[in-house]
Structure formats: structure tokens, C-alpha cells
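In what follows, a single structure is set out as C-alpha cells and then discussed.
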Amino acid sequence: MAKQSSVRQSAARAITRVTLGESLSSVLPQLQEKLSKKDQPLLAELSYGTLRYYHRLDAWLKFLTEKPLKEKEQDIHNLILVGLYQLFFTRIPPHAAIGETVQATRTMGKAWARGLVNGILRNSQRRLEDLHDLEERSPVCGWSHPKWLINTIKRAWPDDYQTILTGNNQPPPMTLRVNEQKIKPARYLKKLLDDCIAAKQSKIAPQAITLARPGAVDKLPLFHEGAVSVQDESAQLAASLIQAKPGDHILDACCAPGGKTCHLLELNPDITVDALDADSVRLERVAENLQRLGLTANVLCGDATDPDSWFPGKPYDHILLDAPCSATGVIRRHPDIKLLRKPEDIDALAQLQQKILKAIWPLLKPGGTLLYATCSIMPRENHLQIEQFLSETPDARLLPIDDQWGHNTGFGKQLFPGSGSFSGSGSRPDNGAMTGRPNRGDGFFYSLMVKTDCK
């Protein structure tokens, strides 16, 4: 049985590996395997939470120490951040948070740091008012985002940047997608409530139901029977925007892990879908999801920028391009993005998106539609991307998205990460405020284009 102190050690190790460039989604399962099942949720909470508030905690630590720790002692630096997170962002009793974090120095083989860790954590309690003052003086500390990202979001969305930054720091909701081939959403909601699982149906995504509290998927009614899947509310909008009809042939480009592929088939089983992705490992997830739901798609491994290597030859009625992006709309789900993403990434990703758009547009039939989607809030990847593509593509024409959600950019709809409460009575403004339609979903962008006869 793993000791609690080893959980803190593992959390510090997770933070360190992320600061060295690894993603938390790849690191965490490896570390959880070394712990008991009972301790695995705590490791996830400490890892995600510390990364969510990394920039604030790091600013606090620099304030509390006369000189920074040496680079070779980054594991102790990150262990202290884990301790600060426990003290100020969890319900763990302070004596336990400090005691177990200090004890972790021994399991790490660094007993010399015992007094240092204890002193800093106890000093933070005494100087809480000073730490709060630091939040007011330093935007990086106050918003817990890197400076470049704060400035970029503020320039892009001057009226909404506070909502976005606040939303990024909130734990994400768990939202389900109901498979209407198995059960209607209203009936499934009743089943949840009958099982004492508090939930609400979405006001913008017809098949979406958001749980009041996240829970284990294997405890959900009819999960193994394929009645529901886990998928964010904003992500569920894609399938309904592609108005497929029986017999249509659809390409889902960059499809992994396959949520949108499956949703398209759930809404209309009488279509054929080519599910394309360049990552063979992630395509295994697509195949698993299709199998659990009893759905069939043509799963293709290939590079979207090089259709000659995989294109079956039959033009598509519709194309869904879920483009590779900065993922700045899903920071609340992946707080490590704040550390992993760099300013130069945005232009590089925008160039890749443009390359994919130009490569797959010729695969679309005249009169067919292409839905461009990202989980980004960056204009360069979104509406500016589409504006440029339309200016360079004579047979592409923008179609309006009339649904009452999101911000109309003139070249598509932008959703910000939802910051409304579950009850819909949150004190902060949310992206539903622009339309009166509250959204609890992630930050997403959608633009719909049709291919005309003009070239």
C-alpha cells in the first residue's frame, strides 16, 4: 500500500516532467500505476490543481524565499508548490498538508530539505495577506497564466479576456453525449436523476447532459451498452452543424479520439464516414469507441496534408476538419498547456492549418460543405484563418451559423470556455451572456463553408 507521502512525491515528479516538456496526460498514468487505486485520484487532483495554479504558486514561492532553489533541486521546488496548492486550494487539513509534504522529502531521498519545506509552508500561512497583495500587483500571479498568454488573450478579446482567464482556472465539468439510437436525452436524464446523479440537459447541444459532479464512467447507467459517451458540450455542436442526410459520404479529418466521428454516425447511421488521423496509436482509441457503440467507419491512417497517400478517390459530401491547434480553449481540462505552449507555436499551427485546408478542399464535391473546427480561442487560428482562406479560394463561400450561441466573428462562431455555474446563477459573466444561452462547454471555434461552382 502506497504511503500518502509518496503521492506528494509523485505529484512533484509529475510537475517536474511537465516543466521539462512532457504532457500531463502521458505522465500521469505512468505515475498512477505505481500507486494504490485509493491514492490515484489524489495524485490526479494534486497534479492537475498545482498545474492549474502553477504561475501563482511559483510567484508565491519566489516571494517567500530569499533566493531561488538551484536548478538541480526543481523536484523540491515543485514539491513546495504541491504543498502550497494543498494549503490554499484543497480541503486537506493544514497539518496534514504540511506534514505529508515534509515527509515526502525523506521518500525522495532529500531529508536535508525537510526544514526548508516546513519553514516555507508555515511562513506562507503567516503571510497570506502579503500573498494576496502579490496577486493584485502581478497579473501573472493574479491570473495564474504566463505573461505572453495573458497579453495575447487580452489583445484578442479585450471585452472578454477576464471571463476567459477565469474560466481557464475552473475545474471542467463532465458532460455526456446521449446516443439517440439507444435512448432519448430526456429519458436518460430521468434515469440519472432516479439514480440520484444530479445533472442538467444542455441548452445549446441537444444530446448533451452535464453532471453536477464528475464521476466514474463505468458507474453511469447504460454506459457499457453504448447509450452514452463522455464529450464536452461545445465539441458536440460539430455533428449537428454538418447537416448530413442518408447516403452522404463524409470525411472526419484529424479525427482522433473519435468523439465527433461517433456522434455523426449516432445522428445518422445511414452515412459513410472516413475517419482519418496521422497518429496510429490514437486511431486505436477511435476503433475502441466505435466498437463500444456498435458503429462502423472507415478508419484511415494518413497525413491530412498529403491526400494522395490515403484518399480513396470518392469525393465527399461533407468534410469535418477538427484542425490541430493550440488547444487554448481547453486549458481548464489541460492546465499543462500554460507551461507547454509557446508564443511561436501559434503561427506554426496556423501555417499547418492552412496547409491542411488547401489540401483537403479539392476532395469536396461542388455544393458540399466543410466545417472547420478548433478548440482554440486564438484569432490567428480561427476567424483570421478562415478570412485568409476565403480570400485565396474563389470557390469557397462562408455559410452563416444561425444558432444562438457563441460570438459571431464575421467568419465563424467563437465559444469561450464556459464560466457559468451549474445552476446557471454564477456571479461571473459567461459566454452565454451575449446570447442569453448559457454554455458550460470548452472554448471552440466553428466556421462552415460551401464549395460553389465558381473557380
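Note that this is a predicted model, so its numbers are computed, not measured. Side chains included, hydrogens not; waters and symmetry mates left out as well; all remaining heavy atoms used.
Side-chain contact between Ile92 and Glu45 is absent, with no heavy atoms from C-beta onward closer than 4.5 Å.
A donor-acceptor pair shorter than 3.5 Å can be found between the side chains of His318 and Thr369. Thr19 and Gln74 form no side-chain donor-acceptor contact under 3.5 Å, judged by distance and modelled atom types alone. Trp143 and Asn168 share no side-chain donor-acceptor pair at under 3.5 Å. For the 3.5 Å distance criterion, the side chains of Ser229 and Arg292 qualify, holding a donor opposite an acceptor. Side-chain N/O atoms of Asn382 and Thr374 include a donor and acceptor closer than 3.5 Å. A donor-acceptor contact closer than 3.5 angstrom is absent between the side chains of Ser326 and Asp345. Side-chain contact check for Thr261 and Asp252: at least one donor-acceptor pair (N or O, by modelled atom type) lies under 3.5 Å. Residues Glu135 and His132 bring a donor and an acceptor atom of their side chains to less than 3.5 Å of each other.
The structure places CG of Leu165 at 8.0 Å from OH of Tyr161, a figure rounded to the nearest 0.5 Å. Here CE of Met449 is found 5.5 Å from CH2 of Trp361. Values are rounded to the nearest 0.5 Å. For the atom pair CZ (Arg341) and CD1 (Ile337), the distance works out to 6.0 Å, reported to the nearest 0.5 Å. How far SG of Cys375 is from CZ of Phe445: 13.0 Å, rounded to the nearest 0.5 Å.
Of all heavy-atom pairs spanning Asp274 and Pro312, the tightest one is OD2-CG, 3.5 Å. When all heavy atoms of Asp232 and Gly441 are compared, the closest pair comes out as OD1-CA, 3.5 Å. Summarising the geometry of Thr305 relative to Ala359, their closest heavy-atom pair is O-CB, 3.7 Å, with the distance given to 0.1 Å. Shortest non-hydrogen contact noted between Leu251 and Tyr316 is N-CD2, 3.5 Å. Residue Tyr372 comes nearest to Gln353 through the heavy atom pair OH-OE1, 3.2 Å, listed as atom of the first residue, atom of the second, then distance. The two residues Asn179 and Gly226 come nearest to each other via the heavy atoms ND2-O, 3.1 Å.
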Test Leu357 against Leu370 for side-chain contact (heavy atoms from CB on, under 4.5 Å), laying out the working first. CA-CA 9 Å; Leu357 269 169; Leu370 184 148; 4.0 Å; yes

Before giving the answer on side-chain contact (heavy atoms from CB on, under 4.5 Å), spell out for Lys413 and Asn408 the whole-Å C-alpha distance, their side-chain angles and the decisive distance to 0.1 Å. CA-CA 5 Å; Lys413 285 288 193 76; Asn408 188 351; 4.1 Å; yes

What verdict does the side-chain contact (heavy atoms from CB on, under 4.5 Å) test give for Val217 and Val228, after you've listed the backbone C-alpha separation in whole Å, the side-chain angles of each residue and the deciding distance to 0.1 Å? CA-CA 9 Å; Val217 292; Val228 291; over 6 Å; no

Criterion side-chain contact (heavy atoms from CB on, under 4.5 Å) on Leu390 and Ile386, from CA distance to verdict: CA-CA 6 Å; Leu390 289 169; Ile386 298 303; 3.8 Å; yes

Which donor-acceptor pairs under 3.5 Å do the side chains of residues 182-192 make with protein atoms, sequence neighbours left out?
from, atom 1, to, atom 2, distance (Å)
Lys184, NZ, Glu180, OE1, 3.2
Tyr188, OH, Pro221, O, 2.7
Lys190, NZ, Asp194, OD2, 3.0

Check residues 280-291 and write down every donor-acceptor pair under 3.5 Å in which the side-chain atom is one partner and the other belongs to a residue at least two apart or another chain.
from, atom 1, to, atom 2, distance (Å)
Arg282, NH2, Ala256, O, 3.3
Asn289, ND2, Pro257, O, 2.9
Asn289, ND2, Arg285, O, 3.2

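Each of Lys200, Gln236, Arg440 was scored for a side-chain contact (heavy atoms from CB on, under 4.5 Å) with Thr175, with one residue passing: Gln236.
Within 6.0 Å of the CD atom in Glu344, the count of heavy atoms belonging to other residues, nucleotides or ligands exceeds 12.
Relative ring orientation between Tyr85 and Tyr53 is described as parallel, the plane-to-plane angle staying below 30° on a 0-90° scale split at 30° and 60°.
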